[in-house]
Amino acid sequence: MAREITYRDALREALREEMYRDERVFLMGEDIGHYGGSYAVTRGFLQEFGPKRVRDTPIAELGIVGAGIGAAIGGLRPVVEIMTINFSLLAMDQIVNHLAKLHYMFNGQFTAPVVIRTAAGFGQLGATHSQTFEGWYAHVPGLRVVMPAVPKDAKGFLKSAIRGNDPVIFIEHSLIYRNRGEVPDDEDFLLPLEGAEVRREGTDVTIVSWSRGYYLALGAAEELAREGIDCEVIDLRVLRPLDIDTVVRSVQKTNRLVVVEEGWRTLAMGAEIAAAVQERAFDYLDAPIARVGSLEVPMPYARNLERLVVPNKDRVVAAVRQVLYQKQPVTVG
Amino acid sequence: MTSTVGGRSPGLALPKSELLEMYRQMVLIRRFEEAAAEQYALGKIAGFLHLYIGEEAVAVGAIRAMDPRDHLVTHYRDHGYALALGLDPGRCMAELFGKSTGLVGGRGGSMHFADASKNFWGGYAIVSGHLPIAVGLGLASQYQDERRVAVAIFGDGATNAGPFHESMNLAALWKLPVLFLCENNQYGMGTAVEYASAVREMARKACAYDMPAERVDGQDVLAVYDATKAALEHCRSGNGPFFIEALTYRFRGHSMADPEMYRSKEEVEEYRRQRDPIVLFRTRLTQEGIAVATEFEEIDREIEEVVAAAVRFAEESPEPDPATVMEHVYAEPVRVS
Ligand SMILES: Cc1ncc(C[n+]2csc(CCOP(=O)(O)OP(=O)(O)O)c2C)c(N)n1
Ligand SMILES: [Mg+2]
């Protein structure tokens, strides 16, 4: 049995079910309790679970991530919410120098199963509130980094993240919380925290993306299908460990690849994917790999400028045409 | 807590024109913010919009006490500071509209007002992120023997963040001319001070750094003015930093997205009725025999027009030129591409 629910409700269900299942699971983060969560994911949780398990914290990202690490070592299962990924930079030291290192550095003696939930997104929020840093975290051995696009993955990944023994950076997106999708009706529905998924099969071009970018890719594929261009769309879902095999297999079939990401392209996921694909499938490529990302500027507030900066469906379409060597009026950014 | 009620305030010795100007600025901020809320509802303004309604006395009292050469850095709830500095309401509104005539050309929006010509080095939206910058401005002043004070304005919520404590220590250690002005509006977003801070009185946090501190009634513009004046004098004379906690209250939600589930309507109503800084100041000036009703009404009318003109200006201004989108990433030319 499955029901259609929103991405937000998928997260809510995952958290609630795991909190009922395991007393050690608790939430902490800024404005998750009395305010109800800045994206309403934890609305009502304080009333339902009480302040011991739903902990409003001061504005202290570094402190609460660190406290999460200690609590995890001490036997708990903390889910730390960082309001947006922009603020996670304040916790970078705890995440990179501490969380990611412990298990290896101490020879596997203990683990720190912390889940860090945070949200990327934009929408005229200006330079410091519109960023996305999944690539920064995916750079670091020891972290598992997931960025689900659909409600089913949101739920299955979050539950697995909470039950698993590795630290997980779980990145949501403010513009997809209302997206709906089928989610299995099973309190033990878990998804392994790895593996990309081919969501649309095609033969002409492979488009890879994740999170909200997946919807751009799908939109472009649907538009191009009307002119007979058949795109395969892969939702990467997990950025570390990276399932490059699925991408390579697809490229071996389509011989062309477009990577779509929301952030800056320099040293980002797309660069890694392109490098890995040319290592593994150079002889299969019929065109240079195209990367769609945002313009390399801090995000401007003005609506018209922001529209220029962020990738959109048209730019994905243009990139597909580019790898097909088709004539086009639009330039790819 | 310092208040001027029932006592004399040095601020009251200001010329009548200045006192009325303070009233005027507070009304300007109030009407400007109301207009911004309306324009937000109409979709002319987007993203985050944090209104300053209820807290006007802090910006107006503090900035009036500053020397024009003093530095200012603030958090994102920054429209009030810009208006109290005398920046053009039209350009402020145009920034909210994301227009090219805005304070920062539409690049910043509500949270990132700035005007270098006024030594207003910007509104910052990473909570507490601007406090180390204030320390650096104080350092530059001390280094160059300028006797300028760096004023940093921030909320109660910011005092729980690491950068706050690092900044307090640095400023105290090096005896820098920095005024830490904390607006304690009793909530950081939806989290009340009691859920976020082990110490309820922000001013007590200064003790850890041996920094002198004072708590003032932030709804009393004269109290804020007096306290700031004295604090700036302290900093300017080479005595190191000072900390002011202004007790205030925000009458509106944290941002336009706030469902306000964390506080009661009664609590907000109570403040609006009893502690409106504009009403309090008007009453005070009346009681002191400084001004009469018609004078306030005259100002109120003028402000209606100023704000209407600001909205018109914003509305009629052009959007930023798309061709400029890559400008100002670097100050020096980039030669490779
Ligand atoms: C480092 C960081 N964490 C979280 C946020 C989200 N946030 C924006 S404003 C705010 C509350 C700040 O409260 P306070 O300092 O009291 O200022 P106020 O808004 O009350 O004026 C929060 C949590 C942020 N902008 N930066
Ligand atoms: Mg506050």
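The shown structure was predicted, so the numbers you read here are calculated from the model rather than taken from an experiment. The chains referred to below are lettered A, B, ... by the order of the sequence lines, with proteins before strands, and numbering in each begins at 1.
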Does any heavy atom of chain A fall under 4.5 Å from the side chain of Asp321(B), the backbone, both, or neither of them? backbone

Partner chain A: residue of Gly109(B), Gly157(B), Pro163(B) with the largest heavy-atom pair count (under 4.5 Å): Gly109(B)

Tell me, yes or no, whether the heavy-atom count around Lys101(A) atom NZ, taken from other residues, nucleotides or ligands under 6.0 Å, exceeds 12. yes

Largest heavy-atom contact set with chain A, pairs under 4.5 Å, which of Val193(B), Asp258(B), Ile45(B), Val127(B): Asp258(B)

Please rank Pro320(B), Gly102(B), Ser255(B), Gly108(B) by heavy-atom pairs under 4.5 Å with chain A and give me the top one. Pro320(B)

Phe97(B) portion near chain A, given a 4.5 angstrom heavy-atom threshold: backbone

Taking side chain as everything from C-beta outward and backbone as N, CA, C, O, which of these in Leu49(B) sits under 4.5 Å from a heavy atom of chain A? Side chain, backbone, both or neither. neither

Has Leu267(A) got more than 12 heavy atoms of other residues, nucleotides or ligands less than 6.0 Å from its CG? no

Top contributor to chain A interface from Gly98(B), Ala46(B), Gly47(B) [non-hydrogen pairs under 4.5 Å]: Ala46(B)

Among the options Asp31(A), Val297(A), Leu125(A), Leu89(A), pick out the one with the most heavy-atom pairs lying under 4.5 Å from chain B. Asp31(A)

Take a 6.0 Å sphere around NE2 of His165(B) and say whether it holds more than 12 heavy atoms from other residues, nucleotides or ligands. yes

Rounded to the nearest 0.5 Å, how far apart are OG1 of Thr324(B) and CG of Leu308(A)? 9.0 Å

Glu30(A) vs Thr191(B) side-chain heavy atoms within contact, under 4.5 Å: no

Most heavy-atom pairs under 4.5 angstrom with chain A, which of Gly106(B), Ala257(B), Ala161(B)? Gly106(B)

May I ask you to check whether His112(B) and Tyr301(A) place their ring centres under 6.0 Å from each other? no

Tightest non-hydrogen contact, residues Met261(B) and Gly36(A), listed as CE-CA, 4.0 Å

Does the side chain of Ile126(B) reach to within under 4.5 Å of the side chain of Leu90(A), using non-hydrogen atoms? yes

Against chain B, work out which of Met299(A), Glu306(A), His129(A), Arg303(A) has the most heavy-atom pairs shorter than 4.5 Å and name it. His129(A)

Quick one: CG on Leu305(A) to CE on Met326(B), what's the gap to the nearest 0.5 Å? 11.5 Å

Is it the side chain or the backbone of Met111(B) that comes within 4.5 Å of chain A heavy atoms, both, or neither? side chain

Got His34(A) and Tyr195(B) here, is their nearest side-chain heavy-atom distance under 4.5 Å? yes

Can you tell which part of Arg307(A) gets under 4.5 Å to a heavy atom of chain B, answering side chain, backbone, both or neither? neither

